[in-house]
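One structure is given here, and the rest of the page talks about it.
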Amino acid sequence: WRYLRCLMPAVASSAVLAAVWFFVTAGLRGTTSGLPLLACASVVGLAGYLVVVRVAWPQDLRYQFEFARLVVGKGGT
């Protein structure tokens, strides 16, 4: 059970990202196509991902940002 509980933030947030991406893609399909459509859907999907993680699992989001900061900070050494 603990293993599934640890995976829940990633699974739920990724599901929201995919759902938002598909909704935006379907909604904008008639107005634009190609790269602008994919870019817009990806940006809105990322925003949805961040909102879900921030609201549901704020501590996990802090851990992710801290990990990214450590990785980027050590990139030059």
Side-chain angles (χ1 to χ4, degrees):
W1 171 249
R2 183 183 161 127
Y3 178 73
L4 292 177
R5 203 172 123 209
C6 290
L7 286 178
M8 189 54 71
V11 170
S13 301
S14 296
V16 168
L17 185 146
V20 168
W21 192 91
F22 283 120
F23 283 132
V24 170
T25 302
L28 295 178
R29 189 164 306 225
T31 59
T32 187
S33 64
L35 187 59
L37 175 65
L38 295 176
C40 181
S42 297
V43 168
V44 174
L46 177 62
Y49 175 89
L50 290 174
V51 167
V52 168
V53 174
R54 177 77 171 117
V55 170
W57 297 281
Q59 188 62 37
D60 289 347
L61 183 63
R62 281 189 219 103
Y63 292 151
Q64 289 177 7
F65 280 134
E66 178 65 18
F67 178 74
R69 187 185 65 78
L70 290 173
V71 169
V72 170
K74 294 185 180 206
T77 59

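Nothing here was measured: the structure is a model prediction, and the numbers come from that model. Both backbone and side-chain heavy atoms feed into the values below; hydrogens, waters and symmetry mates do not.
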Given the rule that I, L, V, M, F, W and Y join up when any side-chain heavy atoms are under 4.5 Å apart, are [X] and [Y] in one cluster?
X	Y	value
F65	L46	yes
L37	V44	yes
V52	M8	yes

List the atom pairs, donor and acceptor, that lie under 3.5 Å between side-chain atoms in residues 13-24 and the rest of the protein, sequence neighbours left out.
unit_1	atom_1	unit_2	atom_2	d
S13	OG	P9	O	2.8
S14	OG	A10	O	2.8
W21	NE1	S42	OG	3.4

- Residue pair D60, Y63: steps toward the side-chain contact (heavy atoms from CB on, under 4.5 Å) verdict: CA-CA 5 Å; D60 289 347; Y63 292 151; 3.9 Å; yes
The salt bridge (Lys or Arg N to Asp or Glu O under 4.0 Å) partners of R2 (sequence neighbours excluded) come to none
Residues at least two apart in sequence or cross-chain that pass side-chain contact (heavy atoms from CB on, under 4.5 Å) with R54, listed by chain then number, are P58, L61, R62
